[in-house]
Structure formats: structure tokens, C-alpha cells
There are 2 protein chains.
Amino acid sequence: MTTPTKNGPASVKDIDIDVLEDTLSFYIRSLNIAVSRDLDEKLEGLDVAQGTGKITTLFLVDGNPGIRPSTIAQVILKDRSAMGRLVDQMEEHGLLQRKIAPEDSRAQALYITDRGALLAVHVRRLVTLQSREFFSDMTDEEHDVVLDILRRTYRRILERS
Amino acid sequence: MTTPTKNGPASVKDIDIDVLEDTLSFYIRSLNIAVSRDLDEKLEGLDVAQGTGKITTLFLVDGNPGIRPSTIAQVILKDRSAMGRLVDQMEEHGLLQRKIAPEDSRAQALYITDRGALLAVHVRRLVTLQSREFFSDMTDEEHDVVLDILRRTYRRILERS
DNA sequence: AAAAATTAGTTGCATTTGTCCACTATCCGA
DNA sequence: TCGGATAGTGGACAAATGCAACTAATTTTT
């Protein structure tokens, strides 16, 4: 009943992952790899693909004109230097524009460009689809339950940093 | 304190993240960053810290003597070359031992060392604690529900690859 | 009002990580 | 026995991450 035929002592299905079996961290980390790969495929060539933060930044700037890089950095859980480079990229791609924040000239205010806004429309659809599809094995109820719980967890993390 | 009202047009709490608000992918990816950081802290110095796969590999070899690198690679969602390097590291650290698989000399059979087994005992406790603590905002019911659903999702992903 | 402490952003660097691809050795099936 | 598939290795390379030092601007303190 166990023992596959050829694939060695243990094949993928009947493998014992020890305590990881009941470890939420493990599933979050594993699913992250899978979901990120899938997302990258679906977003291929879109100059918002690859790496965490570009999509969020696009939406954040689109929906919160004048938002600052450091605020976005908090949301995407990166430090300012990483954020700076992200903004560099996106500005080079013509997705957003940097201005000096009027009320504080240390800071910057970010604004979406037409190109960025257009891309946001597209990505908005793709991202939504990707997530639904990727987790399509779940029932709608399951999906909503998990979504609700993880959302709250994420919010709490933001509040603490 | 984070964000007084003067921190620009939008502060972290009242930011609109658009469709990401309802996108499970987003929360998986974000929580991954947070949970991975936290885990790295808790495992600091343990030569199983940093990066995905070491912990899983340790447990897999511990619980499935003679398991092959390529099998582990499937579980941790990495390719063979990445897996090879991981095994290199862990062998250098004296956590496991490579042998040639008796029934197939192309393949290798991995075995835990005493040092590896000892570390596994320690890590087993730490990992369990870390996950419970990190998600301690959830009720036990919430935790179990999410765990159950994500476990199944992960299993399905394994089956497809 | 001057000095000190904070904060925003930039830059360079070292480290890590993953990915792709080619290459060898071995095994299996026709 | 030949050809195709599989296991593992090694190199090259692009990206991402994190850290620390640095400038500039603002706020707080004295």
C-alpha cells in the first residue's frame, strides 16, 4: 500500500513531513512559492511581474495619489532602500511619477501616470483571476473563511510594525 | 507610534489596497515575508536557518531514511540543482550523509546523522512554537480551519507537479 | 536661535537565491 | 544494442535582500 515501485524508499505522496504537517508557517511558505510562480507566469512581460511589491505599489499609487514611498514600504514589508529601487524601476517604466512632497521636502509624493493607470486596469483583472483560479480547489466558503482570517492576521502585522 | 495624521495623503491604516483586499494570493505572499522573517529570527544561528527547504529537508531525511534528493526537491518545490546545493550545505554541516542508492546508482540515498537527528529534535520544537506564536491572534478554531484548507491546497499542488 | 535627534530617501556592497542550461552517468524499454 | 528518460553536478547569471553609511530636511530640545 505504501511503497511505490521505483522511486526509492519514499515517493512524494506518502512522505512524512513530521510536525510540518500541522505547521501553518510551512504551508504559508510553500504556497507562497507556488502562488508566486503562477502569478509571475500570468503576468509575464507586464513590467509589473517578478518580485513582491510592484503590484501593490501600482495599486497604492493609483488609489492614493501623493502617497509616499515610505508608506508603501510599510505595506509591502520592505525597507526604504528596497522601496527606492522599486520606485526607480517603475518610474523608468513610466508607470508613476515622483514629485517632492509639498509639505515636506524630504519626502516624495507619488502619482500614477496614464500608462500606469492603464496597466492597473489590466493587472487588476489578472490578479483577481489568478488568485481565484489558483485556489479554485477551495469552495467559495473555504476561500472566504481563509481570506477573512488571513486578512485580519495581515492587518495585525501591519499595526505592529 | 506609526503614522500621525500628517504623514502625507494616506497613512498605513487607512490605505486602499484595491482588489488586493480580497485577493488570497496577496495575503499568502505578504504573510510569507513576515512569517519567514520571524522564523529566521527564532532559528538564528542554527545552521538550518535562512531560506526555504533546510528544515523540510532535515525532517524528511530524518523521517524517511534513504530518501532521494529529487524527491525532496519535489516537496520543497525546487529544482534539482538548487536541491543539490542544499544537500551540499547540510552535508558540510554534518547533518546528513549521502550514499549511492543501492537499487539505482544514478540516485542518492540520504541518511540523517546523529548531529542531524539531534538538531531535528530541537528544530521540531522551535518550528512548532514559532508557528503557533506567530499566528496566535487566531483562535484555535480559526487556526485549525485555515490549516486544514491550506494543507489540502498544498497537497493538490504536489499532486499536480 | 542653535544644537541634537528624527525622518526620508539614496547609494554601495556583500550575500543570498533562484534559474537556466549544458553535461555525465545510469537506467529502462523497444 | 540503441535511444530516450532520469538523477545529479556545475557554471553562469540575473534578481532580490539586507545592512550600513551618507545627505538633506524637519522637528524637538534646550
Side-chain angles (χ1 to χ4, degrees), chain A residues 4-9 11-12 29-30 32-34 36-37 40-41 44 47-57 66-74 76-92 98-110, chain B residues 1-9 11-12 29 32-34 36-41 44 47-54 57 66-74 76-92 96 98-110 161:
Chain A
T5 26
K6 18 149 74 174
N7 211 11
S11 80
V12 189
R29 283 158 59 93
S30 299
N32 168 64
I33 298 176
S36 293
R37 271 185 204 157
D40 276 350
E41 283 176 25
E44 199 178 320
D47 68 49
V48 88
Q50 207 89 7
T52 333
K54 295 197 188 78
I55 299 170
T56 311
T57 301
I67 193 173
R68 300 181 184 182
S70 57
T71 303
I72 302 180
Q74 288 179 267
I76 64 178
L77 305 174
K78 294 198 173 173
D79 70 352
R80 292 195 308 281
S81 73
M83 188 68 227
R85 279 162 201 145
L86 223 159
V87 175
D88 286 343
Q89 279 184 47
M90 298 183 69
E91 198 179 28
E92 286 168 18
R98 264 192 252 241
K99 293 185 182 176
I100 292 178
E103 77 282 10
D104 185 346
S105 41
R106 288 174 300 185
Q108 301 174 346
L110 303 179
Chain B
M1 293 295 273
T2 33
T3 52
T5 23
K6 21 150 89 167
N7 209 10
S11 78
V12 189
R29 283 157 58 93
N32 168 66
I33 297 175
S36 294
R37 272 186 203 156
D38 184 63
L39 185 60
D40 277 349
E41 282 176 25
E44 200 178 320
D47 69 49
V48 88
Q50 208 89 5
T52 334
K54 295 198 189 77
T57 301
I67 192 172
R68 301 182 182 182
S70 57
T71 304
I72 303 181
Q74 288 179 268
I76 65 178
L77 305 175
K78 293 197 174 173
D79 70 353
R80 291 195 309 280
S81 73
M83 190 65 228
R85 279 161 201 143
L86 223 158
V87 175
D88 286 343
Q89 279 184 48
M90 297 183 68
E91 198 179 28
E92 285 168 19
L96 50 83
R98 264 192 253 239
K99 295 185 180 175
I100 292 180
E103 75 283 8
D104 184 347
S105 43
R106 290 172 299 182
Q108 300 174 348
L110 304 179
S161 42

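Lettering follows sequence order; numbering is per chain, from 1.
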So which atom in I100(B) and which in S105(B) form the shortest heavy-atom distance, rounded to 0.1 Å? CG2-CA, 3.6 Å
Counting the atoms with a prime plus P, OP1 and OP2 as sugar-phosphate, which does T52(A) contact under 4.0 Å by heavy atoms, base, sugar-phosphate, or nothing? nothing
Verify the contact: side-chain N or O of S105(B) to OP1 or OP2 of dC27(C), cut-off strictly under 4.0 Å; return yes or no. yes
Roughly how many Å is it from CG in L86(A) to C1' in dA15(D), rounded to a whole number? 12 Å
Of the candidates dT17(D), dG8(D), dG12(C), the side chain of A107(B) sits closest to dG8(D)
Whole-Å distance, E103(A) CD to dT26(D) C1', equals 12 Å
State whether the side chain of D40(A) and the backbone N or O of A49(A) hold a donor-acceptor pair below 3.5 Å, judged by distance alone. no
R80(B) (side chain) and dG18(C) (base): donor-acceptor pair under 3.5 Å: no
Run the side-chain contact (heavy atoms from CB on, under 4.5 Å) test on M83(B) and T57(B) for me, step by step, so that the C-alpha distance in whole Å, both residues' side-chain angles and the decisive distance to 0.1 Å come before the verdict. CA-CA 9 Å; M83(B) 190 65 228; T57(B) 301; 3.6 Å; yes
Whole angstrom is fine here: how far is it from CG in D79(A) over to P in dT7(C)? 16 Å
List the steps and the verdict of side-chain contact (heavy atoms from CB on, under 4.5 Å) for I76(B) and L86(B). CA-CA 11 Å; I76(B) 65 178; L86(B) 223 158; 4.0 Å; yes
Taking every heavy atom of L96(B) against every heavy atom of E91(B), the minimum-distance pair comes out as O-CG, 3.5 Å
When all nucleic acid strands are considered with a 4.0 Å heavy-atom cut-off, which category describes A82(A): base, sugar-phosphate, or nothing? nothing
Rounded to the Å, how far apart are N32(A) CG and dT17(C) P? 14 Å
Can you measure D88(A) atom CG to dA15(D) atom P for me and round it to whole angstrom units? 15 Å
5' priority, DNA chain C, between P69(A) and Q89(B) [closest heavy atom]: P69(A)
Are OP1 or OP2 of dG8(D) and a side-chain N or O of S70(B) less than 4.0 angstrom apart? yes
For Q74(B) and dG8(D), give me the distance from atom CD to atom P, rounded to whole Å. 10 Å
OP1 or OP2 of dT10(C) sitting under 4.0 Å from any side-chain N/O of Q108(A)? yes
Length of the line joining R68(B):CZ and dG8(D):P, which is rounded to integer Å: 7 Å
Would you indicate, yes or no, if dT10(C) has its OP1 or OP2 atom less than 4.0 angstrom from a side-chain nitrogen or oxygen of R98(A)? yes
Position toward the 5' end of DNA chain D (nearest nucleotide), M83(B) or P102(A): M83(B)
dC28(C) phosphate, OP1 or OP2: any side-chain N/O from R106(B) under 4.0 angstrom? no
Rounding to an integer number of Å, can you tell me how far R37(A) CZ sits from dT19(C) C1'? 10 Å
Quick one: label D104(A) by what it contacts on the DNA or RNA (base, sugar-phosphate, nothing), any heavy atom closer than 4.0 Å. sugar-phosphate
Check the pair R68(A) / D104(A) against side-chain contact (heavy atoms from CB on, under 4.5 Å), numbers first and verdict last. CA-CA 11 Å; R68(A) 300 181 184 182; D104(A) 185 346; 3.9 Å; yes
Between dA15(D) and K54(A), is there an OP1 or OP2 to side-chain N/O distance shorter than 4.0 Å? no
To the side chain of S81(B), which of dG8(D), dC19(D), dC20(C) is closest? dC20(C)
